[in-house]
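Numbered from 1 within each chain, the chains take letters A, B, ... in sequence-line order.
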Protein chains: 4
Amino acid sequence: MKTDTGTKTDNCFVRRRASRPRADALRNRERIVTAALEMFVEFGPEVPLDEVARRAGVGNATLYRNFADREALTHEVVLSVTSRTTDRAEEAVAAESDPFAALSRFVHAAADERIGALCPMLSGGFDQHHPELLAERRRLEKAVEGLVERAMTAGRMRTDIAVGDVLVALSQLTRPLPGIACLDIDRFTHRHLQLFLDGLEAPARSVLPGSAATLEDLRRGH
Amino acid sequence: MKTDTGTKTDNCFVRRRASRPRADALRNRERIVTAALEMFVEFGPEVPLDEVARRAGVGNATLYRNFADREALTHEVVLSVTSRTTDRAEEAVAAESDPFAALSRFVHAAADERIGALCPMLSGGFDQHHPELLAERRRLEKAVEGLVERAMTAGRMRTDIAVGDVLVALSQLTRPLPGIACLDIDRFTHRHLQLFLDGLEAPARSVLPGSAATLEDLRRGH
Amino acid sequence: MKTDTGTKTDNCFVRRRASRPRADALRNRERIVTAALEMFVEFGPEVPLDEVARRAGVGNATLYRNFADREALTHEVVLSVTSRTTDRAEEAVAAESDPFAALSRFVHAAADERIGALCPMLSGGFDQHHPELLAERRRLEKAVEGLVERAMTAGRMRTDIAVGDVLVALSQLTRPLPGIACLDIDRFTHRHLQLFLDGLEAPARSVLPGSAATLEDLRRGH
Amino acid sequence: MKTDTGTKTDNCFVRRRASRPRADALRNRERIVTAALEMFVEFGPEVPLDEVARRAGVGNATLYRNFADREALTHEVVLSVTSRTTDRAEEAVAAESDPFAALSRFVHAAADERIGALCPMLSGGFDQHHPELLAERRRLEKAVEGLVERAMTAGRMRTDIAVGDVLVALSQLTRPLPGIACLDIDRFTHRHLQLFLDGLEAPARSVLPGSAATLEDLRRGH
DNA sequence: GATGAATGAGAATTCATTCAT
DNA sequence: CATGAATGAATTCTCATTCAT
């Protein structure tokens with residue numbers, strides 16, 4: 001995942017203080033993204049960027065130097081959450097031999113990565129069709145598709161479910177309620193996720209209406 | 001200097017139909033609440049009130065005459081959705097002989113009433129503790145409690161679920177995604193609700209973590 | 001003091017119910033002017049007219065039926081206060097044999113008539129040059145001039161003072177402080193007026209700078 | 001997730017002249033206060049803040065960056081006028097050997113500092129009980145108390161007067177008449193102040209009614 | 001005539017974004 | 001690079017005035 005944004009000055013050698021600012025700058029960038037995610041979760045995606053900068057411990061102009069506007073920052077946050085969530089999907093495969101256990105582990109891990117925070121951003125606020133994002137999202141879908149298909153193949157879950165169903169339900173159920181620490185993620189959210197997983201595991205009791213979805217679909221109607 | 005305020009009754013007979021002019025006013029009031037709900041669903045709870053007024057087809061000041069500020073309008077919207085949702089719960093009991101079918105009918109009906117639109121409002125934006133709201137919320141909880149208990153007693157659903165679990169999961173799953181017509185309520189939402197219901201109906205497969213919740217609990221952490 | 005505003009329908013005879021609404025209407029008009037004066041004193045000349053109407057116990061539209069706009073109402077209030085103050089000046093002459101005592105009585109009486117409330121209105125807010133107002137103001141000046149000259153002639157006060165000095169100082173000293181009941185007119189204002197009067201009575205100790213003024217002068221600079 | 005907010009000190013030496021950029025900012029702040037005082041005097045305390053900003057030559061948001069709201073700006077204006085007025089009281093002591101001349105000098109100087117502009121603000125519009133203001137007001141009262149007591153002790157003025165009487169009368173007499181350049185301060189105001197001073201200097205001719213006041217008292221009734 | 005409701009224009013305040021140091 | 005300050009373009013809300021009953 002090359003983030004070579006601005007690699008122009010990479011050339012080696014001396015120049016003692018040339019790379020130092022880089023270290024700083026990179027740390028700032030990360031701090032800002034972290035702060036932004038936290039505050040989107042706590043206060044919603046409308047949170048003033050000046051406040052994000054304050055929480056990140058940098059001046060507002062530094063934020064704008066790194067991210068041209070709110071859209072750019074949102075983009076990075078989405079990218080970062082998506083990427084880490086994908087990592088969790090991959091870890092889950094490795095960590096659990098039982099395929100449904102793997103899916104289950106992923107679901108809870110995704111909640112901890114605040115995948116729910118992406119929801120409000122799905123609706124505008126950044127360029128859904130940016131290649132970088134599309135790529136990352138496909139990576140996530142592939143990974144989750146793997147988890148789901150393995151569980152189905154093993155007969156461990158009902159088979160009328162698509163990746164999109166999992167991802168959307170998962171996102172919605174973990175979607176933060178600004179002002180309430182992420183819907184009190186420990187007291188409620190994991191509980192509801194477990195209920196959801198139990199439902200996936202049980203045999204189908206009805207014909208699900210509507211159509212299975214990919215994340216992609218979500219934007220279609222727009 | 002007699003300040004005989006209230007001498008208006010000097011004009012004898014008049015005032016027969018003192019409440020008539022309100023026909024218009026009442027319609028306006030309702031139109032505003034309706035427009036507000038629609039726009040909260042479409043654009044989120046931060047939608048400019050001037051836009052709400054425009055959609056309602058009234059001047060902005062008319063909105064403010066009816067609702068002192070955003071909080072007051074939000075209050076009314078929440079009240080109205082809660083109330084209609086409760087009605088749906090009561091209807092569901094009457095309409096279905098099977099207790100789980102009743103719960104199921106309620107869940108889908110609540111989605112159509114946009115119960116999910118309440119989520120973003122639960123986090124501030126209005127006075128949670130207003131007696132009027134508390135009363136209405138209790139009515140809703142009682143009604144849903146009835147649905148749930150009957151289904152459990154009939155052995156039609158797992159028994160480790162509380163009203164709050166149903167209401168929170170239901171609200172989250174149907175929570176609107178601004179910019180996407182209520183998460184494309186027909187293509188996805190009812191599907192996910194059905195999946196959720198299937199999960200409720202199936203026997204428990206795991207011990208649910210965390211604690212069951214009432215809507216009340218949601219505010220506790222705050 | 002003919003206030004034949006709208007006397008067009010004065011014609012006598014029958015018409016039982018023709019003059020009745022008149023009585024009402026007139027009372028309303030007076031109530032509004034009274035309420036306006038009270039509220040100008042209490043809250044300043046920016047007080048919302050709807051509030052004035054409420055205090056007067058009439059609908060806002062009734063206020064506007066009687067006074068085309070804020071200027072018209074202000075006009076009437078000024079006229080009314082000026083007129084009553086003039087009456088007080090005339091009464092003072094009649095009531096006191098000592099010329100300075102008469103002036104003194106007038107000064108305190110003018111305070112009770114809220115002559116200070118005129119100050120904020122002197123600065124725009126209504127048409128200073130309206131003939132009706134000019135006439136009334138001249139009447140006031142004449143009356144006060146009488147008081148002052150008599151006191152001077154009797155050797156009861158310093159002679160380098162003009163009517164305008166008395167009226168302006170009097171108005172300023174009694175000018176209401178919105179939010180503080182007319183500068184607590186009894187505890188402070190009459191005290192300061194007495195001090196002012198004592199100063200007038202004493203022999204001149206210095207050459208007063210500037211020029212004596214008529215109320216008229218006040219508008220000149222504008 | 002280290003939230004080492006405050007790592008700004010990573011950049012070693014920097015920050016030498018951290019307060020330099022404030023040169024501009026400070027000037028702006030002062031310009032705004034100056035403009036505000038001028039416009040309060042000219043147009044009253046309700047003058048639109050956007051206009052104040054324009055007069056100060058800054059954008060409206062700059063005003064709001066410096067003063068959270070009208071109250072905060074008013075606070076600063078009051079503070080600034082009070083403080084300068086106190087300075088004048090102290091200067092007056094130094095400049096005049098005769099105690100009454102000192103008082104007299106102060107009174108005219110206070111008018112030039114627009115002490116009268118404080119009047120409309122005394123009635124709400126800012127927090128009267130803010131410690132900063134209370135302190136500054138006490139400083140003013142102390143200073144004027146000194147002037148008054150010295151004049152009394154020297155037998156140069158009547159002795160039934162309190163600081164509050166002087167300050168209130170002084171403020172009222174110099175209170176600006178929006179629309180009229182500070183009551184044409186040179187043509188009328190100094191004249192009336194001189195008359196007032198003459199009255200103070202003369203022996204008491206009557207028992208003053210009411211009670212002497214401190215500025216503090218003015219708020220009591222509220 | 002009288003009333004409550006409706007309205008648009010304007011004022012206060014916030015915030016994304018740009019600028020100067 | 002980093003920063004605090006500046007800015008204008010919304011947004012919320014108020015109020016004088018008009019309208020419909």
Side-chain angles (χ1 to χ4, degrees), chain A residues 6 17 20-22 24-25 28 46-53 58-71 73, chain B residues 8 10-11 14-15 17-29 46-51 53 57-70, chain C residues 20-22 24-25 28 46-53 58-71 73, chain D residues 8 10-11 14-15 17-29 46-51 53 57-71 73:
Chain A
R17 288 177 28 238
R20 253 290 290 304
R22 260 306 202 64
D24 264 42
N28 275 345
E46 314 285 333
V47 68
L49 293 195
D50 277 20
E51 296 303 316
V52 172
V58 303
N60 61 350
T62 299
L63 186 154
Y64 277 95
R65 160 172 300 278
N66 281 280
F67 307 97
D69 52 16
R70 179 183 286 274
E71 178 172 341
L73 176 55
Chain B
K8 315 152 203 165
D10 270 354
N11 332 338
V14 206
R15 193 75 34 123
R17 311 169 302 186
S19 51
R20 235 293 216 71
R22 265 95 165 244
D24 287 46
L26 265 192
R27 180 160 43 255
N28 274 344
R29 209 184 148 84
E46 312 285 331
V47 68
L49 294 195
D50 279 20
E51 296 302 315
V58 303
N60 59 354
T62 297
L63 187 154
Y64 280 97
R65 155 180 283 272
N66 281 280
F67 306 98
D69 52 17
R70 180 182 288 275
Chain C
R20 252 290 288 304
R22 260 309 201 63
D24 264 42
N28 276 345
E46 312 285 331
V47 68
L49 293 194
D50 277 21
E51 297 302 316
V52 173
V58 303
N60 60 351
T62 299
L63 187 154
Y64 277 94
R65 159 172 300 277
N66 281 279
F67 307 98
D69 52 18
R70 178 183 287 275
E71 177 173 341
L73 176 56
Chain D
K8 316 150 202 165
D10 270 356
N11 331 336
V14 206
R15 192 78 33 124
R17 311 170 302 187
S19 51
R20 235 295 216 71
R22 263 93 164 247
D24 287 47
L26 264 193
R27 179 158 46 252
N28 274 344
R29 209 185 148 83
E46 313 285 332
V47 68
L49 294 194
D50 278 21
E51 297 302 316
V58 303
N60 60 352
T62 297
L63 187 153
Y64 280 96
R65 156 180 282 272
N66 281 280
F67 306 98
D69 51 17
R70 179 182 289 276
E71 178 174 341
L73 177 55

Practice problem: Find the distance B:Arg65:CZ to F:dC19:P and express it as a whole number of Å. | Solution: 16 Å
Exercise. Quick one: the dot-bracket string of DNA chain E, using Watson-Crick and G-U wobble pairs with both distances under 3.5 Å, [ ] for crossing pairs and | for bases paired to another strand.
Key: .||||||||||||||||||||
Quiz item: Between D:Leu49 and C:Asn66, which has a closest nucleotide on DNA chain E that is more 5'?
Solution: C:Asn66
Self-check item: Closest non-hydrogen atom pair between C:Glu46 and D:Glu46, with its separation
Solution: CG-CG, 3.8 Å
Quiz item: Whole Å only: how far is the CD atom of A:Glu71 from the P atom of E:dT17?
Solution: 9 Å
Practice problem: Output all residues satisfying side-chain contact (heavy atoms from CB on, under 4.5 Å) with C:Ala53, sequence neighbours left out; order by chain, then residue number. | Solution: C:Val58, C:Asn60, C:Leu63
Practice problem: Please report, rounded to the nearest Å, how far the P atom of E:dA6 is from the CZ atom of B:Arg27. | Solution: 11 Å
Quiz prompt | Pairwise 5' ranking along DNA chain F for C:Tyr64 and B:Asp69, keeping only the more 5' one | solution = B:Asp69
Practice problem: Whole angstrom is fine here: how far is it from CD in D:Glu51 over to C1' in E:dG10? | Solution: 11 Å
Quiz item: Are any of the side-chain heavy atoms of B:Phe67 and B:Leu49 separated by less than 4.5 Å?
Solution: no
Quiz item: For the pair made of CG in B:Asp24 and P in E:dT3, what is the distance, rounded to whole Å?
Solution: 19 Å
Quiz item: Less than 3.5 Å between a donor and an acceptor, one on the side chain of A:Arg70 and one on the base of E:dA16, is that the case here?
Solution: no
Practice problem: List for me each residue that meets side-chain contact (heavy atoms from CB on, under 4.5 Å) alongside A:Asp69, sequence neighbours excluded, and say none if there are none. | Solution: A:Glu71, A:Ala72
Self-check item: Interatomic distance, D:Asn66 atom CG to D:Leu26 atom CG [nearest 0.5 angstrom]
Solution: 8.5 Å
Quiz item: Which residues pass the side-chain hydrogen bond (donor to acceptor under 3.5 Å, both in side chains) test with A:Glu51, sequence neighbours left out?
Solution: A:Arg54
Produce the list of close N/O pairs, under 3.5 Å, pairing protein atoms with atoms of nucleotides 8-10 of chain F; give distances to one decimal.
{"unit_1": "F:dG8", "atom_1": "N7", "unit_2": "D:Asn60", "atom_2": "OD1", "d": "3.2"}
{"unit_1": "F:dA9", "atom_1": "N6", "unit_2": "D:Asn60", "atom_2": "ND2", "d": "3.4"}

Quiz prompt | salt bridge (Lys or Arg N to Asp or Glu O under 4.0 Å) partners for D:Arg29, two or more places apart | solution = D:Glu76
Quiz item: Separation of B:Asn28 atom CG from E:dG4 atom C1', in whole Å?
Solution: 12 Å
Exercise. Starting at atom CG of B:Leu26, determine the distance to atom C1' of F:dT21, rounded to an integer number of angstrom.
Key: 15 Å
Quiz item: Once you round it to whole Å, what is the distance between C1' of F:dA6 and CZ of D:Arg29?
Solution: 15 Å
